[in-house]
Amino acid sequence: MGFGPFWDHALGYWKESLERPHKVLFLMYEDLKEDITLQIKRLAEFMGVPFSLEEERKGVIEEISKLCSFNNLRELEVNKSGSLLQFENKTFFRRGEVGDWVNHLTSEMVQRLNKIMEEKLDNSGLTFKTSL
């Protein structure tokens with residue numbers, strides 16, 4: 001990974017979110033895809049600006065969901081042609097589908113990845129879905 005081991009980053013933020021839940025909110029892409037409305041509400045509450053009933057009735061959450069959708073963000077010019085240090089922004093956008101990794105990893109790679117995750121995340125409570 002460009003800025004150090006992924007495991008160190010993920011585990012560090014995971015532990016901080018458990019120790020300081022009022023300071024660090026840990027979101028997973030799978031959870032966003034599963035129920036974007038719930039996660040947007042959760043984020044708003046974390047930031048101290050929960051949605052009012054009127055905002056919910058007016059569809060504010062749905063509008064935010066559309067503006068922040070994978071497809072909308074992928075189509076922004078900055079994400080098609082820009083870059084972040086040595087990485088082109090477009091490399092951060094594949095399909096946006098949970099489980100798409102199966103199209104990029106062999107079963108042997110998944111087994112190796114599962115073994116590494118067991119070692120790195122041992123007894124932390126943090127898990128990632130990688131089973132075939």
Side-chain angles (χ1 to χ4, degrees):
M1 174 141 189
F3 305 102
F6 167 79
W7 315 110
D8 293 345
H9 290 290
L11 196 53
Y13 283 107
W14 172 253
K15 287 179 179 178
E16 284 297 312
S17 75
L18 296 176
E19 292 173 16
R20 295 177 181 84
H22 60 287
K23 294 280 188 186
V24 178
L25 178 64
F26 197 92
L27 295 173
M28 296 185 91
Y29 187 72
E30 293 83 356
D31 296 333
L32 289 166
K33 290 291 282 190
E34 186 176 309
D35 191 343
I36 186 71
T37 300
L38 176 66
Q39 297 304 323
I40 290 173
K41 285 181 174 183
R42 188 173 161 226
L43 178 58
E45 288 175 15
F46 174 79
M47 294 175 59
V49 288
F51 294 100
S52 67
L53 290 176
E54 182 179 347
E55 288 172 321
E56 289 189 40
R57 280 194 295 270
K58 287 183 176 180
V60 171
I61 297 171
E62 289 77 12
E63 188 61 30
I64 291 170
S65 175
K66 288 176 191 172
L67 288 170
C68 296
S69 72
F70 179 86
N71 288 333
N72 190 54
L73 294 174
R74 179 177 49 195
E75 294 304 315
L76 295 175
E77 188 58 37
V78 68
N79 292 330
K80 290 181 180 181
S81 61
S83 64
L84 176 65
L85 300 175
Q86 72 267 32
F87 303 104
E88 290 184 64
N89 288 351
K90 66 183 179 180
T91 62
F92 295 110
F93 294 86
R94 282 196 326 247
R95 292 182 54 214
E97 297 297 324
V98 172
D100 184 48
W101 58 269
V102 299
N103 298 311
H104 303 274
L105 302 177
T106 65
S107 59
E108 292 81 19
M109 293 167 97
V110 172
Q111 289 173 357
R112 185 169 176 216
L113 182 60
N114 282 335
K115 184 178 180 190
I116 291 169
M117 283 194 302
E118 281 179 29
E119 289 173 16
K120 302 292 185 180
L121 306 177
D122 187 42
N123 294 319
S124 68
L126 178 59
T127 60
F128 296 96
K129 299 172 189 169
T130 61
S131 300
L132 287 174

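- Hydrophobic clustering keeps F46 apart from I61 (ILVMFWY residues linked when any side-chain heavy atoms are closer than 4.5 Å, directly or through intermediates).
- A heavy-atom distance below 4.5 Å is not found between the side chains of N72 and K66.
- In Y13, the OH atom is not crowded: 12 or fewer heavy atoms of neighbouring residues, nucleotides or ligands sit closer than 6.0 Å.
- Grouping the Ile, Leu, Val, Met, Phe, Trp and Tyr side chains by contacts below 4.5 angstrom, directly or via other members, places L11 with F6.
- Taking CD of E62 as the reference point, atom CG of L67 lies at 12.0 Å (rounded to 0.5 Å).
- A salt bridge does not link E63 to K58: none of the charged side-chain nitrogens sits closer than 4.0 Å to a carboxylate oxygen.
- Cluster annotation: M28 and W7 are assigned to the same hydrophobic cluster (Ile/Leu/Val/Met/Phe/Trp/Tyr, side-chain heavy-atom contacts under 4.5 Å, transitive).
- Taking 4.0 Å as the cut-off between side-chain N and carboxylate O, E19 and K15 do not count as a salt-bridged pair.
- Using a 4.5 Å cut-off between side-chain heavy atoms of Ile, Leu, Val, Met, Phe, Trp and Tyr, with links allowed through other members, M109 and L113 fall into the same hydrophobic cluster.
- Of the inter-residue distances, the one linking F51 atom CZ with T37 atom OG1 reads 9.5 Å to the nearest 0.5 angstrom.
- Scanning all heavy atoms of the two residues, the minimum distance from L18 to S124 falls at CD1-O, 4.3 Å.
- Between atom NZ of residue K33 and atom CD of residue E30 there is a gap of 10.5 Å, rounded to the nearest 0.5 Å.
- In this structure, the side chains of F26 and L126 come closer than 4.5 Å at one or more pairs of heavy atoms.
- In the hydrophobic clustering of ILVMFWY residues, with side-chain heavy atoms under 4.5 Å counting as a link, L25 and M47 come out together.
- With contacts defined as side-chain heavy-atom distances shorter than 4.5 Å, the pair L121/T127 does not qualify.
- Between R42 and L27 there is a side-chain heavy-atom pair separated by less than 4.5 Å.
- Within the 4.5 Å cutoff, the side chain of L43 has no heavy atoms near those of the Q39 side chain.
- What you find for P50 and E55 is that their closest heavy atoms are O-OE1, 4.1 Å.
- Expressed to the nearest 0.5 Å, how far NZ of K41 lies from CD1 of I64 amounts to 12.0 Å.
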